Amino acid sequence: MEADLRHYGALVVEDAANVSARENHLVLSWLDLMQRVPTYYLVFHFVLMLWMTRFLSNRFMRPLNHLVKQTKRIATGDFSAVKPMGKYRDEFTTVEVAINRMLRELESRQNSLIDSHKLRAVGILTAGVAHELNNPLNNIMLTAHAILEEHQELSAEETVAMVKDIVAETDRSRAIVHNLLDFTRETESTMEPLQLGRLVEETARLARNQVKVKRAILESFIAPDLPQIQGDRQQLKQAILNLILNALDAISEEGIIRVTVAPAAPGFLQVQIEDNGCGIPADALTHIFDPFFTTKPVGKGTGLGLSVVHGIVTKHGGRITADSVHGRTVFTVTLPCVTPVAACFDSAERKRDHRA
Ligand SMILES: Nc1ncnc2c1ncn2[C@@H]1O[C@H](COP(=O)(O)OP(=O)(O)O)[C@@H](O)[C@H]1O
Ligand SMILES: [Mg+2]
């Protein structure tokens, strides 16, 4: 009996030990699992975060970056339309469509501003052109009168020489009118390869009479063999003319305006318009390109000239800067060449060779 009791007691103890070991094991594995849960949790969150970042980046950041890039491009004066990024219409496409509508409006307003300013310049030039036409017309009239009154005494050779004079003077008048008409002509804005030197010479010729009336001197220095630039002839002429007319306003009688065309940084040409006029005070210098900023009396200045010039230059991928001290103002317009960079280097080298 005692032995049985001992035997069953031992069995109970053994079972209890087994149960205890099993429970222990269970508790330990639970504890182990509990320890790992935060790690799983973290890994899960990390993966979720990665996925969210990718999703947000695709959904918002990329289109936003695209918009930022496009607005930077627009700020440089390139008004071509923004190409939508997404395949489907979403909030970003709506913004892009709105920007494109604004761009069209902006371009048409800028063009009408340029046109209206051009008309103003034509108004100023017309007086000068009329003055310039006076000389050849006088010569024609005097020669024609001489032929009319003295034709009996004149030899055939003398008459022919006088008629040739009349033809030459008529050609000169036609060239003067043609130059102005060419500037006034309404043309579609077209970008074409241009010889910047020739364009600047033609523009300086347009202003020649205003210069004469003011008893000033207009000198031009055009470097030889310059590469071509890509541009709108009329608009570039207008920009250069505005700068020359400003210089004319700034100088007193017998002032000097110097126009230079030369290679600038590789791949760029520069036009400099320098005058020895009143100069621009430092506080005004930061505002001169703002629309409607003028120091001239009402009726004389509109304050739009330089903002139009700035618009035209940036549209051509160029830059305009102004430096001024009392008695010396220089506007520098830098424009990219069409021809490869090497060509600009070439011509700069050649120019140096010429000088050597
Ligand atoms: N060459 C220059 N010398 C001195 N001041 C200048 C010169 N060019 C421009 N300015 C200044 O910049 C201002 C703005 O020029 P602009 O935009 O052409 O307008 P506007 O000629 O109608 O005044 C002028 O009023 C003048 O004060
Ligand atoms: Mg002006």
Side-chain angles (χ1 to χ4, degrees), residues 77 106 109-129 180 183-184 200 203-221 234-262 270-316 318-335:
L106 203 62
R109 278 177 197 228
Q110 202 193 20
N111 284 340
S112 46
L113 184 65
I114 291 174
D115 283 347
S116 69
H117 212 268
K118 183 161 128 187
L119 276 183
R120 201 182 135 76
V122 170
I124 298 171
L125 293 175
T126 312
V129 166
L180 183 70
F183 179 68
T184 336
V200 168
T203 316
R205 217 175 297 142
L206 268 173
R208 200 165 48 194
N209 265 282
Q210 266 62 35
V211 177
K212 237 187 255 169
V213 169
K214 199 128 195 203
R215 290 176 210 280
I217 298 172
L218 179 75
E219 300 172 336
S220 49
F221 300 95
Q234 303 270 14
Q235 291 194 354
L236 285 177
K237 266 189 166 184
Q238 195 188 340
I240 312 273
L241 185 68
N242 280 350
L243 295 173
I244 296 178
L245 292 180
N246 273 350
L248 261 172
D249 283 340
I251 55 175
S252 42
E253 291 225 331
E254 294 172 11
I256 300 176
I257 301 171
R258 198 166 286 137
V259 185
T260 318
V261 186
Q270 72 176 26
V271 184
Q272 285 192 307
I273 290 103
E274 180 185 339
D275 67 74
N276 60 351
C278 57
I280 309 170
D283 56 336
L285 204 56
T286 45
H287 298 293
I288 52 170
F289 296 107
D290 297 349
F292 305 111
F293 175 84
T294 182
T295 54
K296 296 173 191 169
V298 181
K300 182 117 178 62
T302 58
L304 290 174
L306 286 180
S307 84
V308 165
V309 177
H310 187 270
I312 293 174
V313 172
T314 29
K315 187 176 157 188
H316 284 77
R319 243 166 71 86
I320 176 164
T321 54
D323 288 301
S324 186
V325 286
H326 185 75
R328 184 172 178 268
T329 302
V330 189
F331 280 86
T332 306
V333 175
T334 313
L335 294 164

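Heads up: numbering here begins at 1 and tracks the sequence. Remember, it's 1-based here, ligands and their atoms both numbered in the order they're listed. Since this is a predicted model, take the numbers as computed values, not measurements.
Nearest non-hydrogen protein atom to atom 25 (O) of ligand 1 is Thr295 N, 2.9 Å. Counting protein heavy atoms only, atom 18 (O) of ligand 1 is closest to Asn246 ND2, 2.8 Å. When only non-hydrogen protein atoms are considered, atom 20 (P) of ligand 1 lies nearest to Gly303 N, 3.6 Å. The protein atom (non-hydrogen) at minimum distance from atom 3 (N) of ligand 1 is Ala250 CB, 3.2 Å. For atom 23 (O) of ligand 1, the closest non-hydrogen atom on the protein side is Thr294 OG1, 2.5 Å. Nearest protein heavy-atom neighbour of atom 17 (O) of ligand 1: Leu306 N, 2.8 Å. Closest to atom 12 (O) of ligand 1, if we only count protein heavy atoms, is Ile288 CG2, 3.3 Å. In terms of protein heavy atoms, atom 5 (N) of ligand 1 is closest to Ile280 CG1, 3.2 Å.
Distances shorter than 4.0 angstrom occur between a heavy atom of Gly279 and an atom of ligand 1. Contact analysis leaves Asn242 out of contact with ligand 1, as no non-hydrogen atom separation drops below 4.0 angstrom. For the ligand labelled ligand 1, residue Phe289 lies outside the 4.0 Å heavy-atom shell. Residue contacts with ligand 1 do not include Gly277, since none of its heavy atoms lies under 4.0 Å from the ligand.
Contacts of Asp275 with ligand 1, taken as heavy-atom pairs under 4.0 Å, involve the side chain alone.
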